[in-house]
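Have a look at the structure below, then the notes.
Remember, it's a predicted structure, so these values are computed and weren't measured experimentally.
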Amino acid sequence: QVQLVESGGDLVQAGGSLRLSCAASGRTFSGYALGWFRQAPGKEREFVAAIKWTGGNTYYGDSVKGRFTSSRDSAKNTIYLQMNSLKPEDTAMYYCAGLLASSVTGIELVPARLWAYWGRGTQVTVSS
């Protein structure tokens, strides 16, 4: 059974930084992309970032490019989201997700409903 467990969410001031972690278990993730979505109250789930397990290619949503960085530690089966220059509009529940992506190039365009695996989320709140 695949499990994705997020951690690292917190309350932070605008301009600050946080690092989220997602520990993945239950299968080998070769051929998969693991990524991050976020959802604020009353808004749709939004793609944030993703990384291909094989090769390490990264993908970002437009609103976070240049500020967020996705990385992975294969030995720990964990991905990370380093978030810098945080803004109040980054406030949301952040979810880790998994997608079979061996033949997918535009991962940032794949809608949330097509991602196969989801964690329970970790809350990020950015105060102004």
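- Note on V104: it clusters hydrophobically with L114, by side-chain heavy-atom contacts below 4.5 Å among ILVMFWY residues.
- Note on Y117 and L100: same hydrophobic cluster, where clusters join Ile, Leu, Val, Met, Phe, Trp and Tyr whose side-chain heavy atoms are under 4.5 Å apart, directly or indirectly.
- Heavy atoms only, all atoms of each residue included: G98 and L4 are closest at N-CD1, 3.8 Å.
- Of all heavy-atom pairs between F29 and W53, the closest is O-CB, 3.2 Å.
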Taking distance alone, no hydrogens or angles, what donor-acceptor pairs closer than 3.5 Å link side-chain atoms of residues 8-28 to residues at least two apart or in another chain?
residue : atom : partner : partner atom : Å
S17     : OG   : N84     : OD1          : 2.9
R27     : NH1  : Y32     : OH           : 3.3

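- A donor-acceptor pair is defined here as one N or O able to donate and one able to accept, closer than 3.5 Å; no such pair exists between the side chain of Y60 and the backbone of G66.
- The main-chain N or O of Y59 is never found under 3.5 Å from a side-chain atom of K65 such that the two would form a donor-acceptor pair.
- Between F68 and W36 there is no side-chain heavy-atom pair separated by less than 4.5 Å.
- Across T54 and S30, no two heavy atoms sit closer than the pair OG1-OG, 3.5 Å.
- Interatomic distance, OH of Y80 versus CG of D73, reported as 4.5 Å (0.5 Å rounding).
- Both I107 and F37 sit in one connected hydrophobic cluster of ILVMFWY residues. Membership requires side-chain heavy atoms under 4.5 Å apart, directly or through other members.
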For residues 43-51, which side-chain N or O atoms pair as donor and acceptor with protein atoms under 3.5 Å away, sequence neighbours left out?
residue : atom : partner : partner atom : Å
R45     : NE   : Q39     : OE1          : 3.2
R45     : NH2  : Q39     : OE1          : 3.2
E46     : OE1  : R38     : NE           : 2.9
E46     : OE1  : R38     : NH2          : 3.4
E46     : OE2  : S63     : OG           : 3.0

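- We find that K87 and D90 are not joined by a salt bridge, their nearest charged nitrogen and carboxylate oxygen being 4.0 Å or further apart.
- To the nearest 0.5 Å, atom CG of residue L34 and atom CD1 of residue I79 are 5.0 Å apart.
- Going from atom OH of Y95 over to atom CZ of R120 covers 11.5 Å, rounded to the nearest 0.5 Å.
- Once rounded to the nearest 0.5 Å, the distance linking OG1 of T69 with CE of M83 reads 11.0 Å.
- Atom CH2 of W118 and atom SG of C96 lie 9.0 Å apart (nearest 0.5 Å).
- Residues W115 and L99 approach most closely at CE3-CB, 3.4 Å, considering heavy atoms.
- Within the model, atoms OG of S128 and CD of E89 stand 10.0 Å from one another, a figure rounded to the nearest 0.5 Å.
- Under the 3.5 Å distance criterion, the side-chain polar atoms of E6 are matched with a main-chain donor or acceptor of G121.
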